[in-house]
Every structure is written in structure tokens, then in C-alpha cells.
Amino acid sequence: MSIDLGLPDLGGLAEVPTTDEPQKAKDYKSDQEVRWCPGCGDYIVLNTMQSFLPTLGLKPENIVFVSGIGCSSRFPYYMDTYGMHSIHGRAPAIATGLATSRPDLSVWVITGDGDALSIGGNHLIHALRRNVNFKILLFNNRIYGLTKGQYSPTSEEGKRTKSTPMGSLDHPFNPLSLALGAEASFVARALDSDKKGLTEVLTAAAQHRGSAFVEIYQNCPIFNDGAFDVLKDKDEAARRIIPLRPGEPITFGPESEYGVVRSGFAGLETAKVFEIGLDNVVVHDSTVADPAYAFALSRIGGQDLEHTPTGIFRQVARTTYDDAARAQVAQASEAKPADLQALLRGNDTWTV
Amino acid sequence: MHLAECQQHRQGDRKAETVTGAPVQKRGTAAPMSRETTTSPANATTDVTKLDRVVIRFAGDSGDGMQLTGDRFTSEAAAFGNDLATLPNFPAEIRAPQGTIPGVSSFQVHFADYDILTPGDRPDVLVVMNPAALKSNLPDVPHGGILIVNTDEFSKRNLTKVGYDASPLQDGSLEPYQVYEVGMSSLTQGALEGTGLGKKDAERCKNMFALGLLSWMYHRPTEGTERFLAEKFAAKPAIAEANLLAFRAGWNYGETTEAFANTYEVAPAKLPSGTYRQITGNNALAYGIVAAGQQAKLPVVLGSYPITPASDILHELSKHKNFGVTTIQAEDEIAGIGAALGAAYGGALGVTSTSGPGVALKSETIGLAVMTELPLLVIDVQRGGPSTGLPTKTEQADLLQAMFGRNGESPVPVVAPCSPGDCFDIALEAVRIALTYRTPVMLLSDGAIANGSEPWLVPDVTDLSNLSVEFATEPNAMDGSDEHWPYVRNTDTLAREWAVPGTPGLQHRIGGLEKADNQGQISYDPDNHDRMVRLRQAKIDGIDVPDVTVDDPEGNARILALGWGSSFGPIGAACRRVRKSGMEIAQAHLRHLNPLPANLGRILESYDTVVLPEMNMGQLAMLLRSRYLVDIRSYTKVAGLPFRAAELAEVFTDIINDTRPEGSGEADHVLTEATE
């Protein structure tokens with residue numbers, strides 16, 4: 001339940017200054033040579049981000065990228081904005097302090113499956129439950145790249161890696177289910193190779209007031225090459241990807257012959273449209289207050305990527321931590337002047 | 001104790017703290033310590049004895065409200081104008097099993113008609129609410145001391161619980177003391193008859209009865225307590241009334257019964273003139289942070305995770321949002337410092353508060369702050385360690401952790417307050433260093449300072465120094481381009497510029513990877529890394545810190561008592577005793593531990609012997625030995641409690657008289673002291 005603080009219903013960028021000066025993608029390229037491996041999915045995400053940011057029309061000096069540790073966390077060095085490449089897993093904590101004290105900044109956290117879900121799992125869930133106004137882009141390549149190829153918390157069970165020659169034993173996280181369990185107010189998924197889909201999701205995330213969680217399936221050509229190939233092959237993609245479009249029945253397949261229908265207790269499953277009828281196909285609504293719907297969507301498909309919904313799963317308005325924190329400071333300042341001498345004296349003094 | 005006395009030792013002979021303060025006679029006879037005894041007009045059978053100082057300890061079960069009782073008595077002493085110092089001592093368990101020794105909670109207050117330095121070694125008066133409190137505290141009471149015993153709790157069952165075969169009230173074992181037996185529980189219940197309060201609730205007010213009785217015995221003003229009770233229980237008028245009745249019943253019991261032959265007066269202390277208030281170390285730290293934010297004209301962001309004994313800093317700061325203070329209770333210690341560092345990056349005064357185990361978790365982020373060269377205040381209220389250790393007890397064993405507890409060459413300035421009131425000044429000093437030099441600063445308080453209180457000369461805010469900083473606004477590239485180079489340094493301070501997000505044209509990236517000198521790009525160049533390591537070290541080594549002053553009244557001392565942190569009080573009191581017995585000893589106290597004051601080496605060399613008491617295994621001694629190649633006589637004790645003045649006076653005296661074995665003898669002595 002959200003607490004009504006009487007705050008105006010603002011977008012995520014409401015207090016971030018804008019500029020009329022036209023911007024281009026190259027304005028957001030730093031002078032640093034990009035040093036990801038050839039063919040890395042991170043390049044595409046970087047290019048998409050650099051092409052997308054000019055559409056926001058923000059003053060570039062009011063954009064900050066904060067990252068943790070891992071291949072994807074080198075991202076801030078390549079953006080000509082303010083940036084901090086911090087320590088493993090802690091970017092959401094650092095961004096919480098920054099976003100809380102600076103409402104005039106558009107803050108982006110860049111993280112990976114190891115950074116966000118393993119060493120930084122605690123900060124991630126707490127940032128999401130607090131709903132601090134920053135955007136979290138989780139580059140999920142289902143492997144540890146920077147440390148050269150150990151399994152990650154999103155690797156499929158039984159995965160053979162350098163540290164698991166007989167196969168990994170861990171059951172993987174579903175990052176979207178985890179975020180929804182933490183009651184994230186904005187949850188989406190995109191593919192690194194789908195520039196259009198990714199841009200749509202980034203645009204909505206930027207405009208969302210509160211924590212926005214975006215999982216980006218990203219290929220690691222060195223240690224986990226082809227992890228998402230089934231979603232990039234044209235025929236396979238048509239069969240497996242379930243595009244989520246607001247207000248439309250959730251159908252997929254080459255002929256839109258499949259649909260998502262309700263199943264059991266608050267669940268969803270796929271079915272053939274001709275068998276169940278289009279009227280029974282669920283119409284997508286990301287603004288449903290109960291997170292159970294988006295959670296059920298996140299459970300469609302699995303480790304094998306058999307079915308993979310993409311787009312915005314959930315987007316609801318909820319009081320943000322930073323707005324509320326600033327409101328308390330403002331309220332206290334209004335109620336009582338900042339009289340330092342009076343504070344130091346207190347109520348109980350004596351004179352010698 | 002006076003405001004930041006350790007900053008500037010006042011020269012000249014000071015009144016020695018006397019070894020005992022209580023009358024040692026049986027009732028009705030004259031006390032050796034008293035200077036004047038008159039008969040009170042109010043009660044013909046009660047004499048008034050004037051004392052220069054008294055140590056009272058209230059002890060009872062954790063649920064008996066001893067901390068509140070002690071706190072109120074302290075406020076009464078403060079309002080009366082005494083100098084005072086306090087020592088709360090309580091278990092880590094919120095409610096240990098009732099009536100057991102581990103469940104005993106106590107509060108000691110030392111008040112005097114002159115400036116005192118410690119909460120007192122031993123109580124002159126011990127108030128005990130049950131057998132467990134008696135058993136665990138009696139060894140501290142000198143023979144002749146006063147015991148005020150709540151007899152109602154001395155049941156067979158309660159006695160057995162703590163291993164008394166027979167009641168000490170009856171078996172003659174308390175003969176060396178003056179014992180006053182008072183049925184506090186039943187008297188309180190009797191006083192509250194007719195209020196409609198249940199028997200159990202009525203009994204809970206017995207601590208106020210004890211407070212009333214002691215307030216009468218020591219002629220304390222009562223208006224403050226009456227007002228406090230009315231305010232504290234404003235929402236529960238029946239409870240407020242009950243506590244008030246119990247308090248008055250205790251007072252009246254003393255006045256109307258003839259059980260007590262003496263009451264005592266301790267005149268107001270002659271402290272430097274000004275307006276005083278009572279303050280604990282944690283509150284003074286919180287006020288210091290608020291003041292630092294105001295003086296720096298920066299918003300304050302505290303990121304913190306609750307931990308004993310530092311939580312009160314978070315509690316206090318959360319009350320002062322009207323000063324532009326944001327408090328974030330984070331999900332863990334790491335997030336607490338992360339939020340503080342993120343806020344510092346954005347141009348706020350970032351602060352995190354914790355205790356030793358929390359510092360262990362924050363270490364990696366402190367390293368990031370060292371590397372990114374951002375200002376940050378890290379407060380460590382030290383407690384007994386290692387690991388969870390003794391959460392509610394004091395220790396000084398985090399010094400080496402503060403100095404070196406990070407990977408790589410990671411120098412951090414370290415400062416430590418010497419008293420509760422000094423916490424205010426040291427917070428401002430730590431912030432000055434952090435902002436001027438763009439560095440995380442470790443502030444080492446400890447449990448004794450954090451919870452202890454003393455009268456505090458309220459500073460005039462117009463005297464506080466200006467801490468304002470300038471953010472970068474213009475490109476600073478040394479090649480004349482219009483770029484911002486994040487690691488260009490101020491030639492005096494070696495501090496880099498603080499260019500906060502939102503500043504047009506200064507977009508840049510920082511992080512934990514090594515950066516190229518000046519330009520600030522990622523650099524793996526071997527020579528550059530060597531240069532940056534040395535630059536970071538030189539920046540910290542070059543911090544401007546005041547010289548340390550030496551207190552040596554006669555000027556001929558050959559032995560120097562050196563200390564840091566909360567041991568200032570006991571070391572100072574011990575020096576007074578040594579001087580009173582005709583010997584000379586100099587005292588110096590360090591508030592800056594990294595870098596050390598520039599004149600320290602010269603001072604250490606100028607004495608035949610330097611003795612350094614520490615509540616650790618000799619951590620500062622180790623640093624000084626390696627830094628100055630001088631020997632240090634280390635005296636160590638790690639018992640969770642502050643040093644006693646008498647104990648240190650004995651150590652100092654033995655060293656002056658050369659009757660103290662060098663080297664290995666220290667450890668033996670330490671064990672004896674700790675287990676006595």
C-alpha cells in the first residue's frame with residue numbers, strides 16, 4: 001500500500017533539467033576506447049543507449065551511470081556523462097544515496113547477473129522494495145565473463161563451466177520473478193539484438209518514477225556464446241518470443257496462433273488460440289496493481305527459453321523512497337527553523 | 001570534565017581527585033572526609049555532611065529501570081551545578097533471565113564540587129535492587145561504603161538463583177559496609193495503593209522510589225525529575241502519577257524515618273563560566289555532524305545500519321531533518337556506507353556510523369572512497385571484539401583496523417575524541433579534514449564515551465569555523481582543452497577537485513580502478529600506479545593537524561603518560577594522584593592518530609620513559625615504535641571497562657619509582673588486574 005504524501009504525480013524525469021539543443025548519439029560517446037570482446041552483446045546495448053538518450057532531451061550533465069563490477073560495469077566509462085564504476089554488487093546502494101540527495105539527476109545503474117543477483121542481491125531487492133527513482137539495467141549473459149567463465153546465478157542447472165566440470169548444482173534465479181517478489185514497480189525484459197524493443201523499454205523506464213528493473217538478454221561470445229540464439233533465429237524467435245503489448249491480447253507464433261490464458265490459481269499458460277478462442281486470451285495490462293499477474297507472466301517459459309515474454313511486465317505508480325525522504329526533510333524544515341544554537345542548548349541548561 | 005580538555009591542557013596544579021569520597025563511619029559518627037557537619041533543621045536526628053565528591057552506582061535487573069534512574073540522578077546533579085561523569089554498564093541481552101547475574105544492569109555517576117575526569121573507580125554508595133546486583137557489584141565497593149538494599153527481592157528463591165546459601169543481609173558478610181535495608185518494592189506498592197494501579201505495575205515504579213530516596217540523601221533538586229516524568233508519560237497520566245508518587249515516597253521515606261543518620265551535600269563545581277548542559281558522546285557526535293553540515297552549507301546524508309553502541313547517532317540525527325539532514329536506515333552496513341558515498345559523489349556531506357563489526361563490512365567501500373578521493377565521514381563507536389565480542393562494553397581495539405583494515409595501500413586519516421563533549425569538536429574536525437582533503441576519515445569513538453555523559457559548555461555557534469567548500473565549475477585540463485580532468489590536484493593539499501554531477505561541461509568518470517595521474521583515465525601503467533600510491537599517501541601525510549600539547553605543571557617530569565581516546569579521563573585522574581603524592585608526571589593526549597602531530601616525535605624523545613595505557617594489546621604503542629623508533633612502556637587491559645584512575649596511578653608510580661618490571665611483567669600484571 002502506498003502512502004499518499006500529497007506528492008504530484010510526476011514522471012521519472014520531472015525534476016531533471018532539459019535542453020533545446022539538438023543531441024546526437026555521438027554526443028554521448030566518451031573518448032575512451034571500448035574494450036569489450038569482439039561480438040559482445042554489450043556493444044549493441046551501448047549503441048542503443050547512445051542513440052536513445054538524445055530522444056530524452058536532458059542536459060547530459062544531469063545524467064549519471066553507476067555500475068558495479070563485471071564486464072557490463074565498464075559501461076559508464078564509455079558514456080560522456082557523469083559516471084561511477086564502483087565495487088562489486090554495490091551500485092544500487094550508491095545510487096540510492098545519489099538519487100535521494102539529487103532529484104535533478106537521471107540515474108542509471110548498470111549491472112550484470114553476477115553483480116546484481118549474486119554479490120549484490122541484497123541491495124537489488126531493497127532498492128526495488130523502496131522504489132528509489134533510478135533505472136537498473138541488468139545485462140544477463142548467464143555466465144561470469146570477467147573472471148573467465150564460471151557459472152552465474154542465472155546459469156541453467158547442470159551447466160559445465162571451469163568451476164563446475166561435473167555440472168552446476170544451483171537452481172537459477174528468474175530475475176523478473178525475483179524483482180516482482182520484491183514488489184518492483186517497473187519490470188521489463190528486452191533482447192540486446194532487438195534495438196527497437198530495447199529502446200521502447202528504456203524510454204518507458206526513463207519516464208517511470210521509481211525503480212525500473214530491465215533484464216537484457218545479452219550474449220557473451222567468449223564464455224557462453226549462443227546462449228540466446230534460439231531467440232534470435234527468425235523462425236525460432238517467432239515461435240518462442242511472446243511480445244507484450246499494452247491493451248492487446250497476448251498472442252504469439254508465426255501466425256499468432258498461440259495465446260496466453262489463465263490457468264489454475266492465479267497462473268498463466270500458453271494455449272492454441274483456435275482451441276480456446278481469442279476472447280479467452282489474456283489482454284495485457286502492465287498497470288494491474290496486484291503483482292501476481294506480472295509474476296505469472298514471468299513464470300511462462302523457463303531455463304530452456306521455450307517461451308520468452310518480452311516488453312513491459314509491470315508498470316505501476318507507487319511512492320518513491322527518495323520523494324518521501326525529501327518530503328520529510330521539507331516538512332521538518334517548514335515546521336521548525338534550523339536554529340543550531342537552540343539545538344546545542346537543548347531544554348535543560350544551567351549557567352556557571 | 002571540561003569541553004575538549006585534552007585539546008589544550010590547562011597548566012597549573014589541579015585539585016587531586018581524592019581516593020575515597022564517602023564517609024566510612026557507622027551511622028551517626030563523623031566522616032573522615034567531611035569538612036563540615038551540621039544538624040539539619042528539618043530532621044533533628046539527621047546530620048548534613050559536606051563532601052567534595054561522591055560516586056553512586058545504581059544496580060538492578062535489566063528490567064528495573066536502572067539506566068533511567070541513573071540518568072535522572074545525573075540530570076539532577078547537572079542541574080545543581082556539579083561536575084559529573086557517568087558510566088552506564090548493561091548486558092547485551094534486552095532481558096536476560098530475571099534475577100540472574102548476567103541480567104544485572106548498572107549506572108554509575110560521579111559528581112563533585114570540582115572538575116573531575118572519570119566516572120569514578122569504585123562506588124561510595126551502591127544501591128541494589130536484588131541479590132544478583134549485590135553479588136556482582138559488591139566487590140567494587142570499598143569497605144565502609146554505603147549499601148542501600150531493596151530487601152523485598154531477597155527471597156530464598158532469588159538468593160539461590162545467584163548462589164547465596166544464606167542471605168548476606170543476615171550472615172554478617174556485609175559487616176564492613178554501612179547497610180541500609182529498605183523494602184522498596186513493598187513501600188512503593190504501599191504508596192501507590194488507591195491509585196488503581198495493579199500490584200505488578202505499582203512495583204515497577206520502585207526505581208523512582210530509589211531515585212527519590214537518593215535525591216533526598218544528596219539534597220538534589222527534584223523539579224527536573226518531576227517535569228521529566230510528566231513529559232515522558234504524558235500519554236499515560238496514570239503511569240506519570242504513579243512514578244511521581246513513588247519518587248516522592250522515596251524522598252519522604254528518607255525524611256520521615258530515622259533510618260538515615262546523615263544526608264550529604266556536594267556543592268556546585270567551580271567550572272569555567274558559561275552555559276552548560278549534560279551531553280552523551282553519541283548525542284554530541286550527532287550535533288557535531290549537524291553543525292558540520294551547517295558550517296559547510298551542505299546537506300547531510302547519513303547512511304547507517306543499527307548496531308550497538310552506535311545506533312543512538314542514527315536515532316538522534318533522524319530527529320533533525322529540519323537542518324537538511326537525511327537519514328537512510330540501509331539494508332546492511334555496506335549499503336549504509338554506499339548511500340553515504342553516493343550522496344558525497346552528488347555533493348552532500350556523506351556520513352556513516354557503526355561499530356567495529358560494521359567497519360569490517362564497510363572496508364571495501366572505504367577503499368573505494370580512498371580511490372575516488374571523495375569526502376566521507378566514517379564513525380566507529382568501538383566495542384569489545386573480535387567478532388560480535390562484547391557489544392555493550394568498551395574497547396580501543398579498532399585502531400589498527402581503522403589504519404590498515406583495507407586491501408592495498410589505502411591511507412585514511414584517523415581522529416578520536418577524548419570525552420563525551422569532545423565528540424562534538426572531533427566531528428567538526430573530521431569533517432574539516434574530509435572536505436579539505438577529499439578523503440574518507442575514520443572517527444574512533446568508543447562505548448564508554450558514546451553512552452557516558454558530562455556537563456558540556458555549550459559552544460557559541462558564531463565561534464564555529466567555516467567549513468564551506470567550493471565545487472569545481474570550470475574545466476581544469478592541463479593541456480588547455482575544455483575538459484575536466486578529475487585527478488588534477490591542489491598543490492597545497494593534494495586534494496582533487498569536487499566536480500559534482502549536474503555541472504555543465506565537467507562530465508567525467510571515476511571508479512575503483514587505478515587512474516592516470518591528473519587525467520583520471522583508467523591506467524595500468526606501472527610507474528603511474530607507483531606515483532598514485534605515493535600521491536595518495538602524501539596527501540594524507542600532509543594533512544594539517546595541530547601540535548599535541550603536554551601537561552606538566554612543574555615542568556620537570558621525566559615520564560610522560562600518553563593516551564588516546566576515552567582513556568584521557570583515567571590517565572588524567574591518575575596523573576593528578578601521582579602529582580599529589582609528590583611525584584612529577586607529564587600527560588599528553590592524541591586526538592589525531594593519522595597523521596600524528598608533527599611535534600610528537602620530539603616530545604616522545606624528550607622523556608626518559610613514555611607510558612601508554614590502552615584498552616587493547618598495545619596498538620598505538622606498536623605504531624609509535626615503528627614510526628619513531630622509540631620505546632614505549634605499554635600498559636594494556638582489555639576487560640570491556642574503562643581504566644581505573646587508581647590502577648593507572650599505581651602503574652605510573654611503579655614506573656617512576658622503577659619498581660615495575662620491564663617487558664614481560666606487564667602481561668602478568670594485566671591478568672591480575674583483569675581478574676581481581
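Sequence lines set the chain letters: A, B, ... in the order given, protein chains first and strands last, and positions in each chain run from 1. Side chains included, hydrogens not; waters and symmetry mates left out as well; all remaining heavy atoms used. Owing to the predicted nature of the structure, the values given are computational and were not obtained by experimental measurement.
- The part of Tyr321(A) that comes within reach of chain B is its side chain, from C-beta onward, which places non-hydrogen atoms under 4.5 angstrom from that chain.
- Within the 4.5 angstrom heavy-atom criterion, only backbone atoms of Val325(B) (N, CA, C, O) approach chain A.
- At distances below 3.5 Å, not a single donor-acceptor pair connects side-chain atoms of Arg326(A) with backbone N or O atoms of Thr326(B).
- Annotation: side chain of Arg509(B) is not in contact with side chain of His85(A) (no heavy-atom distance under 4.5 Å).
- Between Asp348(A) and Arg227(B), the closest side-chain pair of non-hydrogen atoms falls below 4.5 Å.
- Residue Gln294(B) touches chain A through its side chain alone, counting heavy-atom pairs closer than 4.5 Å.
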- Item | Residue pair Ile63(A), Gln507(B): steps toward the side-chain contact (heavy atoms from CB on, under 4.5 Å) verdict | CA-CA 9 Å; Ile63(A) 300 172; Gln507(B) 288 95 310; over 6 Å; no
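- Only the side chain of Val458(B) comes within contact range of chain A, with at least one heavy atom under 4.5 Å from a heavy atom of that chain.
- Looking at Gln331(A), its side chain never comes within 3.5 Å of a backbone N or O of Asn322(B) through a donor-acceptor pair.
- Scanning all heavy atoms of the two residues, the minimum distance from Leu98(A) to Gly342(B) falls at CD1-O, 3.4 Å.
- In this structure, Arg345(A) contributes its side chain and Pro459(B) its backbone to no donor-acceptor pair below 3.5 Å.
- Between Glu331(B) and the choices Arg90(A), Arg130(A), Arg129(A), the salt bridge (charged side-chain N to carboxylate O under 4.0 Å, His left out) rule is met once, by Arg130(A).
- Both the backbone and the side chain of Ile510(B) come within less than 4.5 Å of a heavy atom in chain A.
- Leu464(B) touches chain A through its side chain: at least one heavy atom from C-beta onward sits under 4.5 Å away, while N, CA, C and O do not.
- Neither the backbone nor the side chain of Glu334(A) comes within contact range of chain B; no heavy atom of the residue lies under 4.5 Å from a heavy atom of that chain.
- Contact annotation for Pro504(B): both backbone and side-chain heavy atoms come within less than 4.5 Å of a heavy atom of chain A.
- The contact between Pro60(A) and chain B is made by backbone and side chain atoms together, counting heavy-atom distances below 4.5 Å.
- Using a 4.5 Å cut-off between heavy atoms, Ala340(B) makes no contact with chain A at all.
- Listed options Ala284(B), Ala79(B), Gly81(B), Ala78(B) were ranked by heavy-atom pairs under 4.5 angstrom with chain A; first place goes to Ala78(B).
- Contacts between Ala344(B) and chain A at a heavy-atom distance below 4.5 Å are absent for every atom of the residue.
- Neither the backbone nor the side chain of His484(B) has a heavy atom closer than 4.5 Å to any heavy atom of chain A.
- Comparing Leu341(B), Val301(B), Asp460(B) by heavy-atom pairs within less than 4.5 Å of chain A, the highest count is held by Asp460(B).
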- Task: Please lay out, stage by stage, how Tyr345(B) and Ile94(A) fare under the test side-chain contact (heavy atoms from CB on, under 4.5 Å).
- Result: CA-CA 9 Å; Tyr345(B) 176 58; Ile94(A) 289 166; 5.8 Å; no
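- Taking the six-membered ring where the residue is Trp, Trp350(A) and Tyr276(B) present parallel rings, their angle staying beneath 30° rather than reaching 60°.
- With a 4.5 angstrom heavy-atom cutoff, Leu374(B) touches chain A only via side-chain atoms.
- Of the listed residues (Pro299(B), Gly505(B), Gly274(B)), the greatest number of heavy-atom pairs within a distance under 4.5 Å of chain A belongs to Gly274(B).
- Remark: the backbone N or O of Thr503(B) is paired with a side-chain donor or acceptor of Tyr82(A) at under 3.5 angstrom.
- In this structure, no portion of Lys59(A) lies under 4.5 Å from any heavy atom of chain B.
- At a threshold of 4.5 Å between non-hydrogen side-chain atoms, the residues Leu513(B) and Arg74(A) count as touching.
- Of the atoms belonging to Ser75(B), not a single heavy atom falls under 4.5 Å from chain A.
- A donor-acceptor contact shorter than 3.5 Å links the side chain of Arg102(A) to the backbone of Gly346(B).
- The contact between Thr100(A) and chain B is made entirely by side chain atoms (from C-beta outward), counting heavy-atom distances below 4.5 Å.
- Residue Val329(A) touches chain B through both its backbone and its side chain, counting heavy-atom pairs closer than 4.5 Å.
- With a threshold of 4.5 angstrom between heavy atoms, Leu344(A) approaches chain B through its backbone and through its side chain.
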